[in-house]
S.K.: 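Sharing a structure with you now.
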Amino acid sequence: MDDVELLQPWSTFVMRTKLQPEVLEEMLKITDEILSGKQNHTSWGSNLAGQIEDEYRIDRRHLPTNVTTYLHEALQQFVRLQLLQSSPYPNPHDIDAHHKRRQEVLKGDISTELLALWVVSQKDNEYNPIHLHTECMVSAVMYLKIPEYLPSKKAHRDDDGAICFSGMTPQDHYFVNDIVMNIKPQVGDFFVFPSSQQHQVYPFQTKDGKSERRSVSLNANFNSNIRRKYEEETSR
């Protein structure tokens with residue numbers, strides 16, 4: 001059966017990729033300066049859900065050009081992939097119209113705006129309760145340092161230190177595995193997801209009780225001629 005098409009305009013996804021080595025290096029340097037007090041920083045914890053002591057805002061002006069370029073490209077790729085599956089579908093029997101719609105998405109203009117970035121220096125027993133991000137459209141998190149965790153007390157639940165994404169659609173007992181997705185991130189992992197995607201971070205324990213798990217989160221908005229066109233079409 002060759003003539004098959006999967007249609008899922010109601011679903012969203014989490015995009016996972018790896019930071020470029022030079023981006024990882026730059027972000028480690030920037031966050032080192034913030035956490036050591038060498039760079040002026042603002043506590044950002046009062047704006048966040050995490051039960052974490054060290055959370056500081058990163059001034060976008062301190063980001064090197066190659067880092068901002070990489071972030072915008074990653075965000076734009078996420079938006080483009082999401083628009084590919086969520087854009088209004090033309091008549092499925094009109095192959096030319098369907099091809100034209102895909103080309104519009106692939107070649108259309110997409111711009112992104114970084115709204116806020118912050119570093120999270122998480123220690124033993126600190127955690128982030130389930131939450132989502134507001135006043136933005138897209139969110140992301142990158143991992144710069146991962147400590148060696150102590151083994152979980154229950155071998156079949158290796159959740160310590162995991163980031164947990166909660167399902168955004170009703171669970172189907174036959175075709176969907178779990179309504180949550182637990183991932184134990186590695187250094188360099190970079191996740192991009194809709195700002196409405198619920199997620200949480202489990203606590204962990206380390207041998208010395210003082211190790212650090214460091215991440216940087218960000219919020220962003222996007223705009224595109226594709227999105228505006230589809231909004232006009234669906235409002236008619």
S.K.: Tell me whether Glu53 at atom CD has more than 12 heavy atoms from other residues, nucleotides or ligands lying less than 6.0 Å away.
M.R.: no
S.K.: Check the pair Ile183, Arg16 against side-chain contact (heavy atoms from CB on, under 4.5 Å), reporting the backbone distance first and the verdict last.
M.R.: CA-CA 11 Å; Ile183 301 174; Arg16 181 180 190 175; 3.7 Å; yes
S.K.: Using a distance-only test with no angle check, is there a side-chain donor-acceptor pair under 3.5 angstrom linking Asn223 and Ser111?
M.R.: no
S.K.: Please list all pairs meeting ring pair (Phe, Tyr, Trp, His ring centres under 6.0 Å) that have one or both residues in residues 125-144, counting only residues at least two apart or in different chains.
M.R.: Trp118-His133, His131-His133, His131-His199, His133-His199
S.K.: Testing the basics here: between Phe190 and Tyr70, what is the closest heavy-atom pair and its distance to 0.1 Å?
M.R.: CD2-OH, 3.7 Å
S.K.: Would you tell me whether Asp109 and Ser224 have side-chain atoms, one donor and one acceptor, within less than 3.5 Å of each other?
M.R.: no
S.K.: Given the rule in the side-chain contact (heavy atoms from CB on, under 4.5 Å) test, do Leu63 and Leu117 qualify, once you have shown the distances and angles that lead to the verdict?
M.R.: CA-CA 10 Å; Leu63 295 178; Leu117 297 94; 4.0 Å; yes
S.K.: Please report the shortest heavy-atom distance between Pro185 and Gly161, naming the atom on each side.
M.R.: CD-O, 3.8 Å
S.K.: Would Arg80 and Val105 satisfy side-chain contact (heavy atoms from CB on, under 4.5 Å), going step by step from the backbone distance to the final call?
M.R.: CA-CA 7 Å; Arg80 198 176 301 278; Val105 175; 4.1 Å; yes
S.K.: Does the side-chain contact (heavy atoms from CB on, under 4.5 Å) test come out yes or no for Ile58 and Met27, once each step is laid out?
M.R.: CA-CA 10 Å; Ile58 299 174; Met27 293 308 298; 4.3 Å; yes
S.K.: Identify the two heavy atoms, one from Pro64 and one from Glu26, that lie closest to each other, and give their separation to 0.1 Å.
M.R.: CG-OE1, 3.5 Å
S.K.: When you look at Asp158 and Ser152, which way does the side chain to side chain donor-acceptor pair (under 3.5 Å) test go after all the steps?
M.R.: CA-CA 6 Å; Asp158 190 23; Ser152 172; 5.4 Å; no
S.K.: Looking at Asp208 and Lys210, does any basic side-chain N land under 4.0 Å from a carboxylate oxygen?
M.R.: no
S.K.: Please list, chain by chain and in numerical order, all residues satisfying ring pair (Phe, Tyr, Trp, His ring centres under 6.0 Å) with His72, sequence neighbours excluded.
M.R.: none
S.K.: Looking only at side-chain N and O atoms, does Ser215 offer a donor or acceptor that is under 3.5 Å from a partner on Gln122?
M.R.: no
S.K.: Relative to the ring of Phe191, is the ring of Phe165 parallel (under 30°), tilted (30 to 60°) or perpendicular (over 60°)?
M.R.: tilted
S.K.: For the side chain of Lys123 and the backbone of Gly209, is there at least one donor-acceptor N/O pair under 3.5 Å apart?
M.R.: no
